[in-house]
Amino acid sequence: MPSMEDDKKVRTLMFKDAMELIHKNYHLGKSGSEVLDFANQVLIDFYDKEVTLKDGVLEFLEYCKNNGVKMCLATASSPDLLNIAINHCNIGKYFLNKFSCSILGKGKEEPDIYLLAADFLGEDISETWVFEDSLVAIETATKIGMPTVGIYDRFNFGQDKIKEIATKYIGPGE
């Protein structure tokens with residue numbers, strides 16, 4: 001079982017770096033690259049065949065689009081994995097652009113991805129809402145003055161803290 005510290009790092013590091021950490025700390029695979037290749041294949045299969053939207057997401061995206069809300073994606077996932085998930089869930093039409101931490105070279109513990117998204121949308125950061133299920137990401141966006149919506153995810157640590165610091169919080173069944 002990974003330590004809480006490693007769990008937090010793995011969920012917020014760029015994917016390649018997270019797999020290196022797993023290899024180093026837990027001696028999985030012959031190298032970080034081997035762990036990365038394996039994890040990528042697992043994620044490709046998941047995003048291509050199994051991933052589903054959380055309840056209410058499609059209706060919310062449709063509402064936003066119909067009311068002229070500009071939206072983009074800012075993700076820690078690689079562009080390839082993101083595109084697979086977007087295509088599988090058929091939600092590409094809702095977003096004007098996609099930004100990936102892997103392209104920026106910085107994870108969500110840094111504000112760069114959020115600043116880039118707000119700049120692209122042409123909005124002040126104080127008017128650009130961030131929807132996140134990651135505590136580290138919520139903390140980052142909050143620190144720079146962005147309003148946040150914390151999204152419950154049973155696989156992510158820190159739900160109580162997310163609920164505490166997010167501007168709004170959407171929990172199970174909400």
Side-chain angles (χ1 to χ4, degrees), residues 2-22 24-25 32 36 39 43 47 51 53-57 60-61 63-65 67-83 85-86 91 94-174:
S3 69
M4 180 74 120
E5 182 179 317
D6 282 351
D7 185 49
K8 182 177 179 180
K9 285 180 185 176
V10 165
R11 294 174 187 273
T12 58
L13 287 170
M14 289 184 299
F15 198 53
K16 179 179 183 249
D17 296 336
M19 297 305 102
E20 284 291 339
L21 181 133
I22 287 172
K24 178 183 167 196
N25 290 2
L36 177 64
L43 287 173
Y47 287 145
V51 72
L53 297 174
K54 292 181 186 279
D55 290 341
V57 168
F60 179 74
L61 292 174
Y63 174 85
C64 289
K65 182 177 181 192
N67 287 279
V69 176
K70 299 180 290 183
M71 297 179 286
C72 64
L73 290 166
T75 183
S77 296
S78 73
D80 292 341
L81 291 175
L82 177 62
N83 288 330
I86 287 171
I91 58 171
Y94 298 105
F95 302 101
L96 299 173
N97 207 342
K98 303 168 279 195
F99 301 101
S100 171
C101 291
S102 65
I103 301 296
L104 284 177
K106 293 182 181 182
K108 289 186 175 182
E109 69 281 357
E110 299 291 333
D112 300 60
I113 192 108
Y114 301 116
L115 297 171
L116 181 64
D119 185 57
F120 170 81
L121 293 171
E123 299 295 332
D124 187 87
I125 60 171
S126 67
E127 299 294 322
T128 305
W129 284 78
V130 173
F131 288 70
E132 273 289 353
D133 61 4
S134 159
L135 174 58
V136 170
I138 291 283
E139 288 174 333
T140 300
T142 299
K143 283 179 191 172
I144 62 170
M146 297 180 91
T148 58
V149 177
I151 308 290
Y152 172 80
D153 188 307
R154 67 186 174 103
F155 296 110
N156 283 351
F157 70 92
Q159 291 300 308
D160 290 338
K161 182 75 172 173
I162 291 172
K163 191 173 189 177
E164 177 187 321
I165 66 172
T167 309
K168 303 278 185 194
Y169 182 78
I170 300 173
E174 293 181 47

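Residues take their numbers from the sequence shown, with the count starting at 1.
When every heavy atom of Q159 is checked against every heavy atom of D153, the shortest pair comes out as NE2-O, 3.3 Å. Here the shortest heavy-atom pairing between S100 and S77 reads OG-O, 2.8 Å. The two atoms that bring D112 and L104 nearest to each other are C-CD1, 4.1 Å, heavy atoms only. Among all heavy-atom pairs drawn from M146 and A118, the shortest one is CE-CB, 4.3 Å. Here the closest non-hydrogen pair linking A39 and F15 is CB-CZ, 3.5 Å.
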Any chance you could lay out the side-chain contact (heavy atoms from CB on, under 4.5 Å) test for L135 and I165, step after step, and finish with the verdict? CA-CA 9 Å; L135 174 58; I165 66 172; 4.1 Å; yes
Let me see the working for I86 and L73 under side-chain contact (heavy atoms from CB on, under 4.5 Å), right down to the final yes or no. CA-CA 10 Å; I86 287 171; L73 290 166; 3.5 Å; yes
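For the 3.5 Å distance criterion, the side chains of E164 and Y169 fail to qualify, holding no donor opposite an acceptor. There is a side-chain donor-acceptor pair under 3.5 Å between S126 and D124.
Using a 4.5 Å heavy-atom cutoff, the side chains of P79 and I103 are in contact. Between E132 and T148 there is no side-chain heavy-atom pair separated by less than 4.5 Å. At least one side-chain heavy atom of F99 sits less than 4.5 Å from a side-chain heavy atom of C72. You'll find the side chain of I125 stays beyond 4.5 Å of the side chain of Y114, heavy atoms only. Counting only heavy atoms from C-beta outward, the side chains of K161 and I138 never approach each other to under 4.5 Å. Counting heavy atoms from C-beta outward, S134 and K108 have side chains that stay 4.5 Å or more apart. Side-chain contact check for W129 versus T167: some heavy-atom pair is nearer than 4.5 Å. Within the 4.5 Å cutoff, side-chain heavy atoms of L96 are placed close to those of F120.
To the nearest 0.5 Å, atoms CG (D17) and CD1 (I22) are separated by 11.5 Å. With rounding to the nearest 0.5 Å, the separation of OG1 in T140 from CD1 in I113 is 11.5 Å. In this structure, the separation between CD1 on I151 and CD1 on I162 is 9.5 Å, given to the nearest 0.5 Å. Between the CZ atom of F131 and the CE atom of M71 there is a distance of 9.0 Å, given to the nearest 0.5 Å. Taken to the nearest 0.5 Å, the NZ atom of K16 stands 13.0 Å off from the CG atom of L21. Interatomic distance, I91 CD1 to L53 CG, rounded to the nearest 0.5 Å: 5.5 Å.
Residue N67 qualifies as enclosed at atom CG: its count of foreign heavy atoms under 6.0 Å is above 12. For K54, the NZ atom is densely surrounded, since the number of other residues' heavy atoms within 6.0 Å is greater than 12. No more than 12 heavy atoms of other residues, nucleotides or ligands sit less than 6.0 Å from atom NZ of K24. Counting heavy-atom neighbours within 6.0 Å of F95 CZ, excluding the residue itself, gives a total above 12. Residue N97 qualifies as enclosed at atom CG: its count of foreign heavy atoms under 6.0 Å is above 12.
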